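Since the structure is predicted, the reported quantities are computational estimates derived from the model, not experimental observations. In what follows, every heavy atom counts, from backbone to side chain, and hydrogens, waters and symmetry copies are set aside.
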Amino acid sequence: MGYDIDTIEKIAELVREELWSKDGKIDPIIIAKNLGFSVYESDFDDDNISGYIKNSTNEKAIYVNKKDFSGRKLFTIAHEIGHAVLHQETLNDDYEHIDYRRTTQFDIKEMESNAFAAALLMPREESNMIWNKYRDVDDFADHFGVSKSAASYRLQNLSLI
């Protein structure tokens, strides 16, 4: 089973409404904590690892690569939240997942988690408004505190570029 983009958008919106009570830039660290996850920076042995989520009876944690810049870390945290929300039967089930920067295999769960992270960090209405205001990918990325590639992904997903 997979999720279509509209369903992912709605789930991200529900997560924002339930777990983010502030205006302004979304902080996925607070959302992760509201879901019961601790967030840590880590020196992974493999530099190709961008993030890792572990949900078990002993540990609920999201780890991000310490070497990444802040925008990348925030997207990775939101991506891992996507795995927790979209790919577990319940948040009480044991679940582990490692995310790699580069992979040669197509994985629908990775695409869904990327779409979720983009929708969580860059809400549709605000994205439309900001794009219409600036019409510049760098300014759009700066506004949301994400990488240029994450901003481009979102803008393409919304058919704005």
Under a 4.5 Å cut-off applied to non-hydrogen side-chain atoms, are [X] and [Y] in contact?
| X | Y | result |
| --- | --- | --- |
| Lys148 | Phe140 | no |
| Glu13 | Glu125 | no |
| His143 | Lys25 | no |
| Asn55 | Phe37 | yes |
| Phe116 | Ile8 | yes |
| His87 | Ser113 | yes |
| Ser42 | Asn65 | no |
| Phe75 | Asn114 | yes |

Shortest non-hydrogen separation from [X] to [Y] and the atoms involved:
| X | Y | result |
| --- | --- | --- |
| Ile161 | Ser152 | CD1-O, 4.0 Å |
| Phe69 | Ser147 | CZ-CB, 3.4 Å |
| Asp46 | Tyr100 | OD2-CE2, 3.7 Å |
| Asp6 | Asp4 | N-OD1, 3.0 Å |
| Ile31 | Leu19 | CG1-O, 3.9 Å |
| Gly2 | Glu112 | CA-OE2, 3.1 Å |

Could you grab the distance from atom [atom1] of [X] to atom [atom2] of [Y], nearest 0.5 Å is fine?
| X | Y | atom1 | atom2 | answer |
| --- | --- | --- | --- | --- |
| Tyr52 | His97 | OH | NE2 | 11.0 Å |
| Asp68 | Leu74 | CG | CG | 10.5 Å |
| Arg16 | Leu121 | CZ | CG | 9.0 Å |
| Ile49 | Thr76 | CD1 | OG1 | 12.0 Å |
| Asp142 | Asp136 | CG | CG | 8.5 Å |

Between the side chain of [X] and the main-chain N/O of [Y], is any donor-acceptor distance below 3.5 Å?
| X | Y | value |
| --- | --- | --- |
| Asn132 | Asn128 | yes |
| Arg72 | Ser50 | no |
| Tyr3 | Leu86 | yes |
| Ser127 | Met122 | yes |

(message) With a sphere of 6.0 Å drawn around CD of Glu17, does it hold more than 12 non-hydrogen atoms of other residues, nucleotides or ligands?
(response)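 Counting neighbours around CD of Glu17, more than 12 heavy atoms of other residues, nucleotides or ligands fall under 6.0 Å, so yes.
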(request) Using a cut-off of 6.0 Å, state whether more than 12 heavy atoms not belonging to Glu18 lie near its atom CD. (result)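 No, the 6.0 Å shell around CD holds no more than 12 heavy atoms from other groups.
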(request) Check the pair Val137, Trp131 against side chain to side chain contact (heavy atoms under 4.5 Å, CB included), reporting the backbone distance first and the verdict last. (result) CA-CA 8 Å; Val137 176; Trp131 180 250; 4.2 Å; yes
(request) Would you please test Glu9 and Arg154 for salt bridge (Lys or Arg N to Asp or Glu O under 4.0 Å) and show each step? (result) CA-CA 11 Å; Glu9 290 275 343; Arg154 182 62 170 157; 2.5 Å; yes
(request) Spell out, yes or no, whether Ile77 and Leu14 are grouped together once hydrophobic residues are joined by side-chain heavy atoms under 4.5 Å, including indirect joins. (result)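 Ile77 and Leu14: separate clusters.
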(message) According to a hydrophobic-cluster definition based on side-chain heavy atoms being under 4.5 Å apart (Ile, Leu, Val, Met, Phe, Trp, Tyr only), do Ile5 and Tyr153 belong together?
(response)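 No.
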(request) Could you tell me whether Lys60 and Glu80 have a side-chain N and a carboxylate O separated by less than 4.0 Å? (result)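 A salt bridge is absent here (no side-chain N lies under 4.0 Å from a carboxylate O).
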(message) Using the side chain to side chain contact (heavy atoms under 4.5 Å, CB included) definition, which of the options Ile62, Ile53, Asp99, Leu120 pairs with His79?
(response)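 The single option meeting the side chain to side chain contact (heavy atoms under 4.5 Å, CB included) with His79 is Asp99.
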(message) For Tyr63 together with Tyr40, are the ring centres under 6.0 Å from each other?
(response)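 Close enough - the centres of the two rings lie under 6.0 Å apart.
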(request) Decide side chain to side chain contact (heavy atoms under 4.5 Å, CB included) for Val85 and Val15; before the verdict, give the C-alpha distance in whole Å, the side-chain angles of both, and the deciding distance to 0.1 Å. (result) CA-CA 9 Å; Val85 171; Val15 168; 4.3 Å; yes
(request) Indicate whether any N or O donor in one side chain lies under 3.5 Å from an N or O acceptor in the other, for His83 and Glu110. (result)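 Side-chain D/A pair, His83 to Glu110: present.
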